[in-house]
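Heads up: the structure comes next, in structure tokens.
Below, all heavy atoms of this structure are taken into account, side chains as well, without hydrogens, waters or symmetry copies. Order of the sequence lines sets the chain letters (A, B, ...), proteins ahead of strands, with each chain counted from 1.
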Amino acid sequence: MNFSKRTHTCGELNIKNENEEVTLNGWVSKKRDLGGLLFIDLRDRYGITQLKVIPENKDIYDTALKLGQEYVISASGKVLKRESINKNIPTGEIEIELTAIEILNESEVPPFVIEDDVKATDELRLKYRYLDLRRKSLTENFIIRNQAYQIVHKYFEKHNFIEVETPMLMKSTPEGARDYLVPSRVHNGKFYALPQSPQIYKQILMVSGFDRYVQICKCFRDEDLRADRQPEFTQIDLEMSFVGQDDVFEIVEGMFNEIWKEIKGIDLPDKFIRMSYDAAMSSYGTDKPDLRISGDMKIVNLTETVKGSEFKVFNDALESGGIVAGIKLSSKEVSRKIIDGLTDFVKKSGFGGLGYLKFNADGTVQSPVVKFLNENIIENIRKDFSAESSDTVFILSGEKMKVFQTLGQLRLKLAEDFGLTDKSKYEFVWVIDFPLFRYEADDKRFYAEHHVFTMPKDEYLEFLDSKDINEIESIRANCYDLVLNGHEVISGSIRIHKPEIQKKVFGIIGLSDEEAKMKFGFILEAFRYGAPPHGGAAVGFDRIIAILCGLNSITDTIAFPKTLKASSLMDECPSEVSKEQLDELGIEIKQKK
RNA sequence: GGAGUCGUAGUUCAGUUGGUUAGAACGCCUGACUGUCACUCAGGAGGUCGCGAGUUCGAGUCUCGUCGAUUCCGCCA
């Protein structure tokens with residue numbers, strides 16, 4: 001098909017191009033028909049340019065009158081200075097007076113109007129994703145995403161990393177997330193798995209001597225979804241040989257510095273602050289603390305302070321080995337209604353109620369528990385929190401981790417309700433020294449907290465031989481997360497490269513030699529041939545982009561995302577397949593009850 | 001697997017205590033209009049109230065089930 005090809009995009013013409021003869025190609029975004037004069041806003045991904053048609057050019061005028069929304073056209077004409085300037089768009093000083101117009105394609109009336117502030121529901125937007133993607137605000141996310149790809153590739157190339165593609169069809173491995181399975185036609189009854197991450201391959205590449213590996217890759221996890229979890233997502237996966245934790249941190253910190261510098265024009269600190277897992281849990285009640293909250297609002301352990309009080313709830317908690325702890329809300333008016341709301345909130349986590357102390361301006365303390373606490377204790381609580389007038393301290397008592405976690409959730413809720421989070425900040429923090437194992441009382445067994453190849457810290461190696469649950473739980477690992485604004489954006493570890501340590505770890509999670517050999521035999525065998533000390537990390541790329549774009553969900557950082565039930569509304573997948581396809585695979589569908 | 005919210009015109013929503021012909025805005029169609037840029041003005045078309053049962057003389061409205069979207073917990077690095 002012959003048509004007049006564009007000489008410019010719809011975003012670049014300005015007053016400097018005055019009197020030039022140009023051709024634009026794009027979509028009809030808006031038509032304003034004044035009866036004689038006719039204006040058309042022509043859109044492409046670069047911007048919008050106003051076209052002007054006058055009735056004197058009868059053929060062009062008649063064609064232009066027929067244009068509907070989202071028609072694709074080629075428009076030629078002369079760049080003129082506008083009589084009235086539109087300051088809202090970069091091309092607002094000029095317009096094109098048309099000398100030729102071609103309709104390249106018509107469009108049906110779109111199911112929703114394509115404009116920046118979209119009104120359609122998620123469902124409709126996903127069904128017509130190609131239309132949604134025409135919106136500037138959405139297109140911009142992908143421009144940022146593309147910038148990030150380029151920066152990342154350049155950065156790792158500069159630091160001597162080799163980008164290697166690893167298989168998408170791999171062996172299903174136990175532990176961790178549920179695999180997406182792919183049936184094998186050639187091997188009847190056998191399955192491949194889509195990678196949850198290229199973990200094993202990248203470690204084997206270290207054995208191969210690749211030394212520094214990176215890959216921007218897709219990963220798949222068949223688990224229930226959230227706003228920040230899609231069934232398929234993208235990681236920047238990296239691994240390095242002959243390194244310790246600090247070396248990995250340095251590379252990652254450098255990468256974030258370049259991304260933020262180039263995309264946001266922001267200088268991040270050279271080094272990100274570090275916090276132990278234990279400190280994160282006891283101060284923020286979570287392993288992903290959001291450090292943007294004004295006043296920090298750390299959890300304070302009041303267990304010692306309230307010892308000897310008359311308050312049965314506290315004493316019961318302490319007697320059963322629990323704790324009493326609280327957080328402070330600074331200088332906010334806290335009404336009865338707010339307290340009731342917060343009480344309901346903690347009740348959902350299984351607490352009987354929420355204690356509080358309101359330090360009034362007149363020096364009095366308002367609290368339902370004040371009659372059980374003597375003046376000394378109240379004064380000490382005030383000191384523990386450095387509480388001043390019009391501050392409120394919220395207190396919970398019970399099992400230690402539960403108290404910390406619920407106070408952590410309360411902290412986030414208070415920050416949200418009272419607008420205490422500085423949304424303009426980017427607060428990075430390394431959370432380090434994670435536990436190696438997690439004990440599940442239900443199954444009476446240990447699970448690897450990160451993954452089974454994580455190296456214990458040297459000082460805990462002896463506990464690998466322990467039979468004591470507490471000792472084993474106390475083992476800390478060379479394992480780290482990078483948290484940004486309360487989101488986990490990186491997870492990584494230094495790996496086990498010694499077969500004897502690996503064997504002990506398998507032992508603790510209850511994997512026998514035979515099972516280990518069956519499931520991980522190939523990597524264990526590889527490790528017998530001189531595995532270098534190595535470690536790495538995986539960056540949640542979609543989450544980074546979401547944060548860079550100021551989005552709460554990763555959905556709009558992904559061109560064709562899936563819903564929370566893992567379907568794609570546009571192409572209607574997953575879908576049934578023919579009996580022939582199933583027969584070839586030797587698969588029969590059993591109705592799930 | 002569990003809890004919450006939502007589902008009414010092409011779209012976003014309103015719809016009183018269960019009661020006559022289910023409304024508005026935007027979009028769409030027709031007409032008028034030569035400096036608009038959310039053009040304006042006049043007129044018009046457009047409804048399986050997600051789907052299925054039930055209660056009732058009568059259901060958009062109440063009950064149960066179901067499907068879909070979404071948020072959170074469990075799950076997941």
Side-chain angles (χ1 to χ4, degrees), chain A residues 29-42 48-56 61 68-70 80-89 91-93 95 97 108-128 131 175-179 196-197 199 219-231 233 235 237 287-288 344-345 348-350 405-406 409 412-413 431 434 438 440 442 447-451 454 479-483 487-493 537-540 543 552-553 555 561-567 569 572:
Chain A
S29 173
K30 207 99 195 185
K31 196 171 74 176
R32 287 178 295 279
D33 179 0
L34 273 57
L37 265 185
L38 177 59
F39 295 105
I40 297 158
D41 285 343
L42 192 67
I48 284 181
T49 300
Q50 175 167 285
L51 312 178
K52 177 177 133 184
V53 185
I54 52 174
E56 288 72 16
Y61 187 72
Q69 288 214 43
E70 301 306 314
L80 299 177
K81 187 170 192 288
R82 284 202 205 180
E83 282 186 26
S84 55
I85 288 166
N86 182 348
K87 295 196 184 79
N88 298 322
I89 53 172
T91 61
E93 275 191 85
E95 64 196 358
E97 187 176 314
E108 288 187 19
V109 176
F112 53 90
V113 183
I114 293 159
E115 55 195 350
D116 279 353
D117 104 66
V118 75
K119 293 189 189 85
T121 55
D122 294 337
E123 206 172 339
L124 201 71
R125 290 176 52 208
L126 287 174
K127 183 168 179 199
Y128 298 96
L131 297 181
E175 309 294 325
R178 191 179 294 118
D179 284 324
Q196 297 172 26
S197 84
Q199 185 63 35
C219 302
F220 306 82
R221 289 178 191 156
D222 187 3
E223 294 291 346
D224 288 340
L225 306 172
R226 291 284 189 285
D228 62 352
R229 291 198 325 231
Q230 282 273 319
F233 59 99
Q235 285 189 343
D237 193 46
D287 59 3
K288 39 183 181 181
D344 286 346
F345 181 75
K348 280 184 202 149
S349 303
Q405 280 168 10
T406 307
Q409 287 160 10
L412 294 178
K413 181 169 169 56
V431 177
F434 273 77
R438 165 173 45 89
E440 289 284 336
D442 293 350
Y447 287 87
E449 178 72 30
H450 180 63
H451 58 59
T454 306
C479 179
Y480 35 83
D481 281 357
L482 183 65
V483 175
H487 300 276
E488 177 203 314
V489 293
I490 284 197
S491 190
S493 62
V539 183
R543 287 184 190 175
N552 292 322
S553 163
T555 310
K562 304 220 173 2
T563 71
L564 285 188
K565 288 218 172 100
S567 4
L569 300 180
E572 293 178 322

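- Residue A:E223 has its side chain nearest to B:rC75 when only B:rG27, B:rC75, B:rC39 are considered.
- Here NE2 of A:H487 is found 12.5 Å from CG of A:L482. Values are rounded to the nearest 0.5 Å.
- Within 4.0 Å of A:S567, counting heavy atoms only, lie sugar-phosphate atoms of the nucleic acid but no base atom.
- Both distances falling under 3.5 Å, in either a Watson-Crick or a G-U wobble arrangement, place B:rC6 opposite B:rG68.
- In this structure, A:D33 reaches the bases: a heavy-atom distance under 4.0 Å links it to at least one base atom across the strands shown.
- Looking at the side chain of A:D287, the nearest of the listed nucleotides B:rG35, B:rU34, B:rA77 is B:rA77.
- Atom pair A:L569:CG and B:rC67:P shows a separation of 16 Å (rounding to whole Å applied).
- In this structure, the side chain of A:E223 engages the main chain of A:R178 through a donor-acceptor pair within 3.5 Å.
- Distance A:L38 CG to B:rC37 P: 14 Å, rounded to the nearest Å.
- Of the candidate nucleotides B:rC76, B:rC72, B:rA38, B:rC72 has the atom lying nearest to any side-chain atom of A:A227.
- A donor-acceptor contact shorter than 3.5 Å is absent between the side chain of A:R438 and the backbone of A:E449.
- Here the side chains of A:E83 and A:E95 are not in contact, with every heavy-atom distance at 4.5 Å or above.
- OP1 or OP2 of B:rC76 has not a single side-chain nitrogen or oxygen of A:Q196 nearer than 4.0 Å.
- The main-chain N or O of A:G36 is found under 3.5 Å from a side-chain atom of A:Y61 such that the two form a donor-acceptor pair.
- Rounded to whole angstrom, the span from the CG atom of A:L126 across to the P atom of B:rU70 amounts to 7 Å.
- Base pairing analysis places B:rU30 opposite B:rA42; the two distances defining the Watson-Crick or G-U wobble pair are each below 3.5 Å.
- When both distances must be under 3.5 Å, the Watson-Crick or G-U wobble mate of B:rC75 does not exist.
- The interatomic distance linking A:Y447 (OH) with B:rC76 (C1') rounds to 14 Å, in whole Å.
- With RNA chain B read from its 5' end, the first of the two nearest nucleotides for A:K30 and A:F39 is the one closest to A:F39.
- Below the 3.5 angstrom threshold, one finds a donor paired with an acceptor across the side chain of A:E95 and the base of B:rG35.
- Nucleotides B:rU66 and B:rA3, compared at atom P, are 11 Å apart to the nearest Å.
- Within the nucleic acid shown, A:N86 comes within 4.0 Å of at least one base atom, counting heavy atoms only.
- Only the P atoms considered, B:rA38 is 25 Å distant from B:rG43, to the nearest whole Å.
- No donor-acceptor pair closer than 3.5 Å links the side chain of A:Y480 to the backbone N or O of A:S491.
- Separation of atoms CG (A:D179) and CZ (A:R221) is listed at 10.0 Å; rounding is to 0.5 Å.
- When each of B:rA69, B:rU11, B:rU36 is scored by its nearest atom to the side-chain atoms of A:A120, the top-ranked nucleotide is B:rU11.
- Across B:rC64 and B:rC72, the matching P atoms stand 26 Å from one another, rounded to whole Å.
- A:K288 has its NZ atom 13 Å from the P atom of B:rC76, to the nearest Å.
- Nucleic acid contact for A:A538: none, since no nucleic acid atom lies under 4.0 Å from a heavy atom of the residue.
- Phosphate contact (OP1/OP2 of B:rC39, side-chain N/O of A:R32, threshold under 4.0 Å): present.
- Distance A:D344 CG to B:rC73 P: 18 Å, rounded to the nearest Å.
- Using a 4.0 Å cut-off, some side-chain N or O of A:T121 falls inside it from OP1 or OP2 of B:rU12.
- For A:S84 against B:rC37, a side-chain N or O and a base N or O form a donor-acceptor pair under 3.5 Å.
- A gap of 7 Å separates the P atoms of B:rG10 and B:rG47, to the nearest Å.
- In this structure, B:rU12 and B:rA24 make a Watson-Crick or G-U wobble pair, each of the two defining distances being under 3.5 angstrom.
- At a cut-off of 3.5 angstrom, the base of B:rC76 holds no donor-acceptor pair with the side chain of A:R178.
- When heavy atoms are screened at a 4.0 angstrom cut-off, A:R229 is found touching base atoms of the nucleic acid.
- Between A:D41 and A:R32 there is a salt bridge, since at least one side-chain N of the basic residue sits less than 4.0 Å from a carboxylate O of the acidic one.
- No engagement by A:G540 is indicated, since no non-hydrogen atom pair under 4.0 Å with the nucleic acid exists.
- In this model, a side-chain donor or acceptor of A:Q50 finds a partner on the base of B:rU36 within 3.5 Å.
- In this structure, A:L124 reaches the sugar-phosphate backbone alone: every heavy-atom distance under 4.0 Å involves primed, P, OP1 or OP2 atoms, never a base.
- The partner of B:rC49 cannot be assigned: no Watson-Crick or G-U wobble pair with both contacts below 3.5 Å exists in any strand.
- One N or O on the side chain of A:S553 and one on the backbone of A:A227 form a donor-acceptor pair closer than 3.5 Å.
- In this structure, the OH atom of A:Y61 is 13 Å from the C1' atom of B:rG35, given to the nearest Å.
- A:F112 comes within 4.0 angstrom of nothing in the nucleic acid, heavy atoms only.
- Distance CG (A:L37) to P (B:rU40): 17 Å, rounded to an integer number of Å.
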Legend entry - Candidate pair A:K288 and A:V431, rule side-chain contact (heavy atoms from CB on, under 4.5 Å), full reasoning: CA-CA 8 Å; A:K288 39 183 181 181; A:V431 177; over 6 Å; no
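- Closest to the side chain of A:K565, from the set B:rC72, B:rA69, B:rU36, is B:rA69.
- With distances taken from any side-chain atom of A:R221 to the nucleotides B:rA69, B:rU34, B:rC76, the minimum falls on B:rC76.
- Across all strands shown, A:Q69 has heavy atoms under 4.0 Å from sugar-phosphate atoms exclusively, and none from any base.
- Distances from the side chain of A:D224 to the nucleotides B:rG1, B:rG10, B:rU34 place B:rG1 closest.
- Looking at heavy-atom distances under 4.0 Å, A:Q405 makes no contact with the nucleic acid at all.
- When each of A:D122 and A:D481 is assigned the nucleotide of RNA chain B with its nearest heavy atom, A:D122 is the one assigned upstream, toward the 5' end.
- The same atom, P, is picked in B:rC6 and in B:rG15; the two are 12 Å apart, to the nearest Å.
- Using P as the reference atom, B:rU16 and B:rA32 are 42 Å apart when rounded to the nearest Å.
- For B:rC73, the OP1/OP2 oxygens have a side-chain nitrogen or oxygen of A:R226 closer than 4.0 Å.
- Using C1' as the reference atom, B:rC29 and B:rG46 are 10 Å apart when rounded to the nearest Å.
- With both pairing distances under 3.5 Å, B:rC62 is matched to B:rG54 as a Watson-Crick or G-U wobble pair.
- Nucleotides B:rC49 and B:rC62 have their P atoms positioned 16 Å apart, rounded to a whole Å.
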